[in-house]
Amino acid sequence: MNTTSFRRSSEDNREDSQAPRPLSREVSGRREAEPRWVRIQLGQGSAVGVTKTMLKNEGFGAFYKGLSAGLLRQATYTTARLGSFRILTNKAIEANDGKPLPLYQKALCGLTAGAIGASVGSPADLALIRMQADATLPLAQRRNYTNAFHALGRIVADEGVLALWKGAGPTVVRAMALNMGMLASYDQSVEFCRDNLGMGEAATVVGASSVSGFFAAACSLPFDYVKTQIQKMQPDAEGKLPYSGSFDCAMKTLKAGGPFKFYTGFPVYCVRIAPHVMMTWIFLNQIQKVEKKIGL
């Protein structure tokens with residue numbers, strides 16, 4: 001390998017990351033929170049400190065770095081996971097003679113749907129975090145991606161097609177945890193609010209989506225933390241990486257900071273995840289109403 005190739009490979013390793021994420025990260029509030037969240041996880045300071053630094057050094061536009069990749073990710077990841085979840089739960093209800101599913105079956109459907117969605121959305125997820133992390137690198141090492149397709153093209157040209165699924169393992173595990181918390185808790189909460197509390201449709205959707213947002217954040221943050229550390233780790237002077245894999249990262253993190261270390265930045269993460277989850281369910285409910293009216 002020549003010197004130029006080695007330098008390019010080293011730079012790729014330093015900026016390699018996937019983010020993330022996430023559900024229908026289509027909500028603009030989430031798009032604003034993600035670049036800041038990545039930097040908090042990378043140890044660049046508190047939420048307030050990182051926000052002030054970004055505004056001062058990069059301007060308001062820095063909060064929307066990776067917007068095109070985030071939108072592309074939602075067109076793939078969210079579509080796949082929500083669609084597959086409904087297909088799986090409908091099949092399970094049929095097998096259960098039309099009776100409501102117990103919580104553990106909903107959780108299994110959520111886990112499976114999360115894995116499917118994450119596998120489909122992994123390339124866009126990689127582009128999203130690389131675009132966001134690019135601004136944290138020294139000027140000489142930046143790739144200056146212009147949009148999601150430019151980032152994907154550079155990754156394929158420099159590293160090959162399979163590189164689009166680099167770090168997909170941690171991403172899939174994180175998505176499984178998030179969707180288990182989000183999807184199962186929503187369906188369970190809808191049944192509780194409607195059948196036990198006698199709430200109306202609008203109140204049921206808002207209440208259930210709030211519960212869903214909290215559990216999505218609580219279930220996924222530890223995996224999101226490990227995923228970010230793994231995919232953004234940099235080799236030392238000898239070329240050795242700090243972690244050999246996700247499990248090694250989790251064990252070293254647990255030993256160094258205890259279990260609460262995995263919940264670093266939980267308030268910001270909740271602000272990033274919960275509103276987005278709530279809006280996802282509210283809009284999905286309205287879309288389903290339209291579908292029924294037009295006979296779909």
Side-chain angles (χ1 to χ4, degrees), residues 19-27 29-30 33-34 37 40-41 47 73-74 77-86 88-89 92-93 100-118 121 125 170-197 199 201-228 250 259-285 288:
R21 296 180 297 88
L23 282 155
S24 163
R25 275 91 171 159
E26 62 271 289
V27 177
R30 168 142 196 203
E34 282 187 330
W37 168 242
I40 292 171
Q41 281 194 324
R73 183 179 185 276
Q74 292 327 301
Y77 166 68
T78 299
T79 301
R81 70 190 177 91
L82 291 180
S84 60
F85 178 71
R86 283 307 167 204
L88 290 169
T89 52
I93 290 173
L101 298 178
L103 181 59
Y104 80 92
Q105 289 187 7
K106 295 172 185 173
L108 288 175
C109 290
L111 284 169
T112 306
I116 294 172
D125 201 26
T171 300
V172 168
V173 172
R174 182 255 184 191
M176 291 172 68
L178 185 148
N179 284 279
M180 179 188 69
M182 172 188 171
L183 302 175
S185 65
Y186 178 78
D187 275 12
Q188 193 72 18
S189 298
V190 166
E191 293 176 7
F192 179 78
C193 292
R194 182 187 59 212
D195 302 336
N196 296 80
L197 301 181
M199 297 172 64
E201 180 182 357
T204 295
V205 172
V206 173
S209 62
S210 301
V211 173
S212 176
F214 174 81
F215 278 102
C219 290
S220 64
L221 180 53
F223 299 96
D224 193 270
Y225 181 88
V226 171
K227 179 180 74 72
T228 299
F260 290 107
K261 181 66 174 178
F262 294 105
Y263 284 89
T264 299
F266 182 72
V268 174
Y269 188 73
C270 241
V271 169
R272 169 195 171 192
I273 291 288
H276 149 285
V277 170
M278 292 178 66
M279 296 303 294
T280 297
W281 287 124
I282 291 171
F283 278 110
L284 183 60
N285 181 259
Q288 289 173 339

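Any value given below was found using the heavy atoms of this structure, including those in side chains, with hydrogens, waters and symmetry copies removed. Keep in mind that what you see is a predicted model, and the values were worked out from it rather than measured.
Partners of Gln188 according to the side chain to side chain donor-acceptor pair (under 3.5 Å) rule, which considers only residues two or more places apart in sequence or in another chain, are Lys106. Evaluation of the side chain to side chain donor-acceptor pair (under 3.5 Å) rule for Asn285 yields no partner, not counting sequence neighbours.
Between atom CE of residue Met180 and atom SG of residue Cys109 there is a gap of 13.0 Å, rounded to the nearest 0.5 Å. Atoms SG and CD1, from Cys219 and Ile273 in turn, are 11.5 Å apart once rounded to the nearest 0.5 Å. Expressed to the nearest 0.5 Å, how far CZ of Arg86 lies from OG1 of Thr89 amounts to 5.0 Å. Rounded to the nearest 0.5 angstrom, Glu191 CD and Asn196 CG are separated by 9.5 Å. In this structure, CG on Leu183 lies 10.0 Å from CG on Leu88, to the nearest 0.5 angstrom. To the nearest 0.5 Å, atoms CG (Leu197) and CZ (Phe192) are separated by 4.5 Å.
Counted by atom type alone, Tyr269 and Ser220 present one or more donor-acceptor pairs between their side chains at under 3.5 Å.
In this structure, the side chain of Ser212 does not engage the main chain of Ala208 through any donor-acceptor pair within 3.5 Å. Not one N or O on the side chain of Tyr225 forms a donor-acceptor pair closer than 3.5 Å with the backbone of Ala250.
Minimum heavy-atom separation, Gly117 to Ala80: CA-CB, 3.8 Å. Annotation for Leu82 and Thr280: closest pair CD1-CG2, 3.8 Å, computed over non-hydrogen atoms. The shortest heavy-atom contact between Val206 and Ser209 is O-OG, 2.8 Å.
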Audit row: Phe215, Leu178, side chain to side chain contact (heavy atoms under 4.5 Å, CB included) steps and yes/no: CA-CA 8 Å; Phe215 278 102; Leu178 185 148; over 6 Å; no

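Contacts classified as salt bridge (charged side-chain N to carboxylate O under 4.0 Å, His left out) and involving residues 203-220 (residues at least two apart or in different chains) are not found.
Relative ring orientation between Phe266 and Phe214 is described as perpendicular, the plane-to-plane angle rising above 60° on a 0-90° scale split at 30° and 60°.
Other residues, nucleotides and ligands place more than 12 heavy atoms under 6.0 Å from the OH atom of Tyr263.
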